[in-house]
Amino acid sequence: MRFQKIKGTRDILPEEIGRWQAAEKQIQQVMARFGFSEIRPPIFEETELFARSIGQLTDIVSKEMYTFLDRGDKSLTLRPELTAGVVRAFIENNLGKKQPLNKLYYLCPVFRQENPQAGRLRQFHQFGAEILGSAEPAADVEAIALSIAIYRAFQLDRFVVKLNSVGDAVCREPYKQKLREYLRPRLDRLCKTCQQRFEKNPLRILDCKETGCRTETAEAPKLADSLCDDCARHFGRVQQLLDAAGMKYELDFRLVRGLDYYTRTAYEIVSDQLGAQDALCGGGRYDLLVEELGGEPTPAVGFAAGMERLLMALDKIGWQPAANPPAMIFLAPLGEAAVLWAVQTAQQLRQQGLTVEIDLLNRGLKAQLREANRQQARFAVIVGDNELKAGHAAVRDLTTSQQNDVLLAELISYLQKACTN
RNA sequence: GUGGGUGUAGCUCAGUUGGUUAGAGCACCAGAUUGUGGCUCUGGUGGCCGUGGGUUCAAAUCCCAUCACCCACCCCA
């Protein structure tokens, strides 16, 4: 029986881990520049946390969660996104009481049981940020600016920021009614799923990709025109601030984010380089969620972005992480006495902070040098019985093919000097 | 959950209308150089042809099922 990985999961192999680490580092740097601190909630939580925050009716909760019972018959779920866990941690650790504003970010795996396709996996990675405690439009703009800055830091600029407002508790329900009234006479011309959405979730009809539904909704009343005064003012101010800061965006009245907790600002960053799943990043404001999960009323705004999708887009533009690995020393011992010497010497060199490889396969010299070359070693140190007897090692510079005898007693200081320039 | 496509060596792929022992390039190992890498040449290791059934004298090739991957729908990052 040969085991294989679970459908929709991937092994990140040594040959690609460099890209991941470089991308992670870049993201962490930009997050830090914006004053965000990392938070790492647990990978699983009570099922109810996700059901309550994301919404029972959403696809994520109704059919995509990895849910299981633990030995105490408690229902647990592998996180399908991070906001719920971050908000839970925010409440449980009283972060809101320690300071008025919390700016948090994360970068970690999430799980959704969907059928895989380009840009979609069952275990994938999201990075994102949450600003908890501010209802100001400037906070919305801070989140948007941060996500844009991250993509720009990678020299990635073929993306579009789509912006909308989904209103709040005051104006969303009346708008839904207005939308239903508009659509009721056209109901039979909508697709099957939209007909089901009509009662419970009419906003989603705007988002439908069926051309029939799109033509029916093209002239429908727009949420942005039906906002209450507070929401309208907020939305206007967000746009004003974005304009002032020179951030380009497109208003998209069809943009209604899939998760229930969004209020007011909703935005998405899409790329034309990704295929059907083109969203790099999605986010918005969720002013009611903290209270809904049992905390003090706390306005908040944030975004989540797909790590794999970022990497896909980076592949398309030919991004290469800068790599300058330290000079490497390959110890090539021949014979048992030399191996003993090499193990001791490797220990000493490594304690000096040098990068050292030592042959572990008891290979011949030719094979060892081939290996050293394959690993792009800077120096090969050749030691056999002859060298031990003579008290020196043959140090071969693999870039110039120069080879010198170096006294064993002076080897460490010699290599230290040679590797620093 | 649904639809289409694809599974042959570590990797990328050939493989004729079913017909002997399933091939190439790269990678790996060895030799040319009995202790010297890269370049070159020569040779070699490596495959239950995704898995399980079926048809046939004969299956990598045809049929069915199943698993996985790719792409798409739904939806989302």
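In what follows, every heavy atom counts, from backbone to side chain, and hydrogens, waters and symmetry copies are set aside. Proteins get letters first, then strands, A, B, ... in listed order; numbering begins at 1 in each.
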Ignoring hydrogens and angles, write down the donor-acceptor pairs under 3.5 Å from the side chains of residues 60-67 of chain A, residues two or more places apart or on other chains.
residue, atom, partner, partner atom, Å
A/S62, OG, A/T58, O, 2.8
A/K63, NZ, A/D59, OD2, 3.4
A/T67, OG1, A/T77, OG1, 2.8

Show me the donor-acceptor pairs within less than 3.5 Å that the side chains of residues 313-333 of chain A make with the rest of the protein, sequence neighbours left out.
residue, atom, partner, partner atom, Å
A/D315, OD1, A/R19, NE, 3.4
A/D315, OD1, A/R19, NH2, 2.4
A/K316, NZ, A/Q273, O, 2.9

Which donor-acceptor pairs under 3.5 Å do the side chains of residues 212-220 of chain A make with protein atoms, sequence neighbours left out?
residue, atom, partner, partner atom, Å
A/R214, NH1, A/C208, O, 3.1
A/T215, OG1, A/T211, O, 3.3
A/T215, OG1, A/G212, O, 2.8
A/T217, OG1, A/C213, O, 2.8
A/T217, OG1, A/R214, O, 3.2
A/T217, OG1, A/R254, NH1, 2.8

Listing, residues 20-39 of chain A side-chain donor-acceptor contacts under 3.5 Å, not counting sequence neighbours, or none:
residue, atom, partner, partner atom, Å
A/E38, OE2, A/R40, NE, 2.8
A/E38, OE2, A/R40, NH2, 3.4

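Sorted by first and then second residue, the pairs that involve residues 267-292 of chain A and meet ring-ring contact (aromatic ring centres under 6.0 Å, His included), not counting sequence neighbours, are A/Y261-A/Y286. The ring-ring contact (aromatic ring centres under 6.0 Å, His included) analysis of residues 357-384 of chain A, with sequence neighbours excluded, yields no pairs.
A gap of 12 Å separates the C1' atoms of B/G50 and B/A60, to the nearest Å. Remark: the separation of the P atoms in B/G35 and B/G52 is 48 Å, to the nearest Å. Taking the P atoms as reference points, B/G5 lies 31 Å from B/A77, given to the whole Å. Comparing B/U45 with B/G54, their C1' atoms are spaced 36 Å from each other, to the whole Å. Between B/C62 and B/C49, the two C1' atoms lie 15 Å apart (nearest whole Å). Taking atom P in both B/U61 and B/U40, the straight-line distance is 38 Å, to the nearest Å. Atom P of B/U51 sits at a distance of 32 Å from the matching atom of B/G43, rounded to the whole Å. B/A24 and B/U55 have their P atoms separated by 35 Å, with the value rounded to a whole Å.
A/L365 has its CG atom 9 Å from the P atom of B/G35, to the nearest Å. For A/I27 and B/A77, the CD1 to C1' distance is 12 Å, given to the nearest whole Å. Spacing between atom CG of A/L156 and atom P of B/A77 amounts to 18 Å, rounded to whole angstrom units. Distance, A/D11 CG to B/G10 P: 17 Å, rounded to whole Å. Between the OH atom of A/Y267 and the P atom of B/A77 there is a distance of 11 Å, given to the nearest Å. Between A/N386 atom CG and B/U36 atom C1' the separation is 13 Å, expressed in whole Å. Whole-Å rounding puts the A/Q126 CD to B/C76 P distance at 13 Å. Atom CG in A/N362 sits roughly 13 Å away from atom P in B/G35 (whole-Å rounding).
If you check every strand for non-hydrogen atoms under 4.0 Å, A/A372 touches nothing. Among the atoms of the strands shown, base atoms are found under 4.0 Å from some heavy atom of A/I382. Residue A/E81 is classed as having no contact, given no heavy-atom separation below 4.0 Å to the nucleic acid.
Side-chain contact, A/H234 with A/D140: a donor N or O sits under 3.5 Å from an acceptor N or O. A/Q177 and A/E173 share no side-chain donor-acceptor pair at under 3.5 Å.
For the residue pair A/P109 and A/I43, the shortest heavy atom distance occurs at CG-CD1, 4.4 Å. Considering all non-hydrogen atoms of both residues, A/F235 and A/A224 come closest at CE2-CB, 4.0 Å.
The number of heavy-atom neighbours closer than 6.0 Å to CZ of A/F44, taken from other residues, nucleotides and ligands shown, is 12 or below.
Test A/D287, A/V238, A/N164, A/V141 against A/T265 for side-chain contact (heavy atoms from CB on, under 4.5 Å) and you get one pass: A/V238.
Residues A/L334 and A/Q113 both approach RNA chain B. Their nearest nucleotides, taken by heavy-atom distance, put A/Q113 toward the 5′ side.
A 4.5 Å side-chain heavy-atom check between A/L415 and A/V381 finds at least one atom pair inside the cut-off.
A donor-acceptor pair under 3.5 Å is formed between the side chain of A/N93 and the backbone N or O of A/A89. Here the side chain of A/R309 pairs a donor or acceptor atom with the backbone of A/A279 at under 3.5 angstrom. Judged purely by atom type and a 3.5 angstrom limit, A/R363 has no side-chain atom pairing as donor or acceptor with the backbone of A/Q368.
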Starting at the 5' end of RNA chain B, write a dot or bracket for each base, bracketing those in Watson-Crick or G-U wobble pairs whose two distances are under 3.5 Å and using | for partners on another strand.
(((((((..((((.....[...)))).(((((.......))))).....(((((..]....))))))))))))....
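For the atom pair CZ (A/R52) and CZ (A/R88), the distance works out to 14.0 Å, reported to the nearest 0.5 Å. Atom CG of A/L82 is separated from atom CZ of A/F127 by 12.0 Å, given to the nearest 0.5 angstrom.
Listed in residue order, the members of residues 387-397 of chain A having a heavy atom less than 4.0 Å from RNA chain B are A/E387, A/R396.
For A/R120 and A/F124, the positive end is not near the middle of the six-membered ring at less than 6.0 Å and at most 45° from its axis.
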Using nucleotides 41-50 of chain B, report all nitrogen or oxygen pairs with the protein that are shorter than 3.5 Å.
none

Scan nucleotides 5-9 of chain B against the protein and return all N/O pairs shorter than 3.5 Å with their distances rounded to 0.1 Å.
none

Using a cutoff of under 3.5 Å, can you pull out all pairs of nitrogen or oxygen atoms linking the protein to nucleotides 27-32 of chain B, with atom names and distances?
residue, atom, partner, partner atom, Å
B/C28, OP1, A/R374, NH1, 2.3
B/C29, OP1, A/R374, NH2, 3.2
B/C29, OP2, A/R370, NE, 3.4
B/A30, OP2, A/R370, NH2, 2.0

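A/R374 and A/E371 are joined by a salt bridge, as a carboxylate oxygen and a charged side-chain nitrogen come within less than 4.0 angstrom of each other.
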Reading nucleotides 68-74 of chain B from the 5' end, what letters show protein touch, with B for base, S for backbone sugar-phosphate only, - for no heavy atom under 4.0 Å?
SS-BBBB
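For B/U36, the base has no donor-acceptor partner in the side chain of A/Q368 [N/O atoms by modelled type, under 3.5 angstrom].
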